[in-house]
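Each chain gets a letter, A, B and so on, in the order its sequence line appears, and its residues count up from 1.
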Amino acid sequence: MKMLFTLIKLQLNINFGISALKYRFRKEKTRLWEPVLVGLGIFVGIGSITLMMTMLMLGIFIAGKSVNHPEMVLTIAFVGGPFVVLIFGLFYIISAFYFSKDMDILIPLPLKPHEILGSKLAVVMVNEYLTLIPVIIPAILVYGIGTGQGFIYWLKSLILLVLSPVIPLAIGALIVVVLMRLINVRKSKDFFAVVGGFLSLLFGLGINFFAQRIPKGHEAEFFKQYLGQAGLIEHLGQKYPPSIWATYGLSLHNMKGNLDFLLYIAVSALLLLALVWIGNRFFYASILSGQEVTRKRRVLSADEMERSYRKESSPLMALLSREWKLLLRTPVYALNGLAGIIIGPFMVIMMFTAQREQREELFKLINNPEYIVPVSLGGLAFMLFTSGMNIVASTSISREGKSFWISKMIPAAASQQVMAKFLNSFLISAFGTIITGIVLVGFLNFAIWRTLVLIGIGLLGAGLIVCLNLMIDVLRPKLEWTNPQEAVKQNLNGFLGVLVSLLVIGILTGVSVAFIITKLPEWIIYLLLALIIAVLLIPSLWGLIKLSEWKYKNIEV
Amino acid sequence: MINIKNLSKSYNKGAVKAVDNLNLQVKPGEIFGFLGPNGAGKTTTIKMVIGLLSADEGSITVNGFDTRKQSLEAKQSIGYVPDNPDVYERLTGLEYLNFMGDVYRVPAEVRKERIQYFTEMFDLNHAVSDLIKSYSHGMRQKIVLTGALIHDPALWVLDEPLVGLDPKSAHQLKELMRAHCDKGNSVFFSTHVLEVAEKLCDRIGIIHRGKLVAIGTLEELRKGDQVDTLESIFLELTEK
Ligand SMILES: Nc1ncnc2c1ncn2[C@@H]1O[C@H](COP(=O)(O)OP(=O)(O)OP(=O)(O)O)[C@@H](O)[C@H]1O
Ligand SMILES: [Mg+2]
């Protein structure tokens, strides 16, 4: 048992990088503001989500109350929470059991399988709680305070809160096991990671899309109309019975309530056992089977060999092709690098698919000659936004990680290496800009010549944004990591890069508004914008080169 | 070939003095073995020669080029293999070698010849079209070695090159080192295997806590005392 706790502590430590943080504070004493900022960001993030959820739950509660079912809010929380747990749980489970690297170290240690397993599950659970708390606690609070509940209610709530990840997690584990049977995830691991990533991105965008449909300030009416009609609880309950048990278990203080409460506990306990059993039976075995990479293991024919040598290229092209290959072939990089460029076009499409009346108004607006300039500049903003969300530049040195010694060793000037990175990121942003342009023409009927001009300005802007983003990563690259995830997802530079991009877009928007107010002719506005960006771009590029020449020398590996 | 003058380097803002006023030279035609206990400062010195770390004090010239002022020329003269072959896992072996060939500006014909020569010698030709991710530790080391030698540099700098190589490959590497130096080039390498140092090296330097405590041929280190083995010399010099 002691062993198990030690192991859990270790796993949590790794998961949240506690030791690394301590080392930074005690020994290195550099860039202390960074973890503080991240912590603040997380705090504000979770805080604002919780606040948003509280508002939402309050809306649902009021709507429910008006149809005499205030407990509806509990049902929704106990359906929504587990649903989120289920979705994220799939990823947590897969990454804890199939993609994690520390197994190589743990397995040879004299530990019992259930200890390793237990510690891994505990980490998954803690992650789940962090996801779940912003959903369930607001509902419990809203209902409890709103209906003036007593001690028993709060006690029961606490128990249900603690148990709440169990059922969805067990279902998730089952799905994972089946999934692993059907597809050999490990062999097509990269493919799976990319597909999974895009699905969760779409899921996120979808939720956003749905959330936008809820009229602000009229949440209660919306829910009343949408959900309030009849028997919502029963309706949802048929899909996911535990939500009913939780609802009545908490809201009814009679025999039925108590029975439902006990039922929830019993089913959770049972599924907890099932979870441990599944873990023992399947996950542990799958860990032991190692991590293989597909290999061809064949000798190239003389002809193929011959061809591969004829491709002699300049150092710049060689560097560019290295950047490009490493980006595309590492799933997290490809995903995070390319996800940015679909956001702009997606938002345009989303506007197009808005509700009918809105859409007609939108078209009227676009085709009104009076508004043509602001609307076009709005299109430009989408293009720049697409470039701004792209983190390829702001993580491009960080991504080299431990292999950065190669870049320091080769006889290629820092300016040349950074230029290759610039080109690589710029090409991706340019692609996003052009896609946004095509979408503008296709969905919103923009005139072609105008779109071409906008794309031109967008490309200049993309250059500026990429350049500034790259500067951030040159200044403070994060090279210490073991898992590629850390280089992009847990890298503050990506976040800073987006901030800087938004700043640039903000400034350009301000300037554009000033131009529109002064009623300058359209083509002069475009010309001036292009000029402004160019004037900013040239010294930035020069600065980037100087910065890299100085900084590459000082990065130690 | 290498000229290190008054080289010093410390980590953690001066808390750990890893290299302390080091002076040493490696001459053309010479295999120089760099010995020392764990944490003595071998890797730190080597990294400064390559330019991976910048020195706090002192200067290094490689092949006549100052590593600080003419870093690109100095780099072009060096082939370096680190102690840990952390290399681009998502490139195939051949892509990696071609990348190296391109950045060192090796013409396609020459490159082809060298790649074929090394991959055949190291038994890699069945693996070059696979991702490096799928390579074993030794295979990675060999691919890094091949990449490092692709431009036929005058100076080889190898950090514990024999660790992890199978006996046949280790033997071949030693032969390669000898042949390379017989052509008037140099090898600077660190090792913990004293027998290898004894047999292979023309001169030996022993570093202890960042300071060079002995340098010279085996004969010179023995100080005329024929019975001393390198092991006993090493143990004596690094005792405290
Ligand atoms: N990145 C680093 N940060 C802090 N200290 C370091 C770092 N790298 C090395 N050191 C310290 O510098 C000293 C010299 O280390 P170095 O790696 O040069 O030793 P070495 O002779 O190569 O040892 P080994 O035989 O184990 O490879 C050691 O005390 C080590 O702790
Ligand atoms: Mg070392």
Side-chain angles (χ1 to χ4, degrees), chain A residues 27-30 190 291-302 304-306 308-322 325-331 333-334 400-414 416-417 420 484 549 552-557, chain B residues 9 11-13 15 47 50-54 68 71-80 82 84-92 94-109 111-113 115-116 119 125-135 144 147-148 151 157:
Chain A
K27 292 274 161 59
E28 287 182 318
K29 308 214 157 120
T30 53
D190 293 356
Q291 308 176 322
E292 52 184 278
V293 182
T294 19
R295 295 206 42 177
K296 285 173 270 173
R297 276 262 182 221
R298 68 194 179 88
V299 183
L300 292 183
S301 70
E304 286 170 306
M305 274 289 202
E306 197 64 36
S308 73
Y309 297 118
R310 209 164 292 140
K311 285 186 290 184
E312 189 185 329
S313 46
S314 72
L316 184 67
M317 286 313 289
L319 289 164
L320 178 59
S321 113
R322 169 191 72 173
K325 281 178 186 150
L326 294 180
L327 180 78
L328 277 197
R329 290 182 190 171
T330 315
Y333 299 168
E400 289 194 38
K402 288 209 173 87
S403 51
F404 189 72
W405 66 271
I406 299 175
S407 295
K408 286 213 63 166
M409 171 192 71
I410 55 179
Q416 194 176 36
Q417 300 199 28
E549 277 167 0
Y552 259 61
K553 244 181 254 166
N554 292 313
I555 300 175
E556 303 203 320
V557 279
Chain B
K9 171 82 188 173
Y11 288 108
N12 289 349
K13 304 202 170 105
K47 282 182 171 176
I50 312 305
L52 299 185
L53 295 175
S54 41
R68 212 179 297 233
S71 62
L72 295 188
E73 289 87 348
K75 284 174 181 175
Q76 184 75 36
S77 325
I78 303 176
Y80 165 62
N84 267 320
D86 284 314
V87 63
Y88 308 126
E89 294 202 325
R90 308 266 173 178
L91 293 187
T92 68
L94 202 54
E95 282 170 340
Y96 175 71
L97 296 178
N98 269 317
F99 170 72
M100 285 297 172
D102 285 333
V103 291
Y104 282 102
R105 297 189 175 82
V106 182
E109 277 309 307
R111 186 187 308 179
K112 174 181 156 192
E113 198 182 305
I115 292 179
Q116 272 166 1
T119 51
N125 40 15
H126 57 280
V128 283
S129 55
D130 291 324
L131 290 185
I132 294 179
K133 202 171 166 40
S134 71
Y135 286 17
V144 173
H151 57 296
V157 179

So how far is it from [X] [atom1] to [Y] [atom2], rounded to the nearest 0.5 Å?
X: A/Ser403; Y: B/Glu89; atom1: OG; atom2: CD; result: 8.5 Å
X: B/Tyr96; Y: A/Lys325; atom1: OH; atom2: NZ; result: 14.0 Å
X: B/Tyr80; Y: A/Ile410; atom1: OH; atom2: CD1; result: 14.0 Å
X: A/Arg322; Y: B/Asp102; atom1: CZ; atom2: CG; result: 12.0 Å
X: B/Leu52; Y: A/Phe404; atom1: CG; atom2: CZ; result: 9.5 Å

Counting only N and O atoms by type, is there a donor-acceptor contact under 3.5 Å from the side chain of [X] to the main-chain atoms of [Y]?
X: B/Lys75; Y: A/Lys408; result: yes
X: A/Trp405; Y: B/Lys47; result: no
X: A/Glu312; Y: B/Ala108; result: yes

Side chains of A/Ile406 and B/Met100 in contact at under 4.5 Å (non-hydrogen atoms)
yes
When the 4.5 angstrom heavy-atom criterion is applied to A/Leu319 and chain B, the contacting part is both
Among the options A/Ala318, A/Ser313, A/Ala412, pick out the one with the most heavy-atom pairs lying under 4.5 Å from chain B.
A/Ser313
For B/Glu73, which atoms come within 4.5 Å of any heavy atom of chain A: side chain, backbone, both, or neither?
neither
Atom group of B/Val106 that falls short of 4.5 Å from chain A, counting heavy atoms
backbone
Using the ring-ring contact (aromatic ring centres under 6.0 Å, His included) criterion, which residues pair with B/Tyr88? Sequence neighbours excluded.
none
So which atom in [X] and which in [Y] form the shortest heavy-atom distance, rounded to 0.1 Å?
X: B/Leu91; Y: A/Arg329; result: CA-NH1, 3.6 Å
X: A/Val557; Y: B/Leu53; result: O-CD2, 3.7 Å
X: B/Arg105; Y: A/Pro411; result: NH1-O, 4.5 Å

A/Glu549 CD: over 12 foreign heavy atoms closer than 6.0 Å
yes
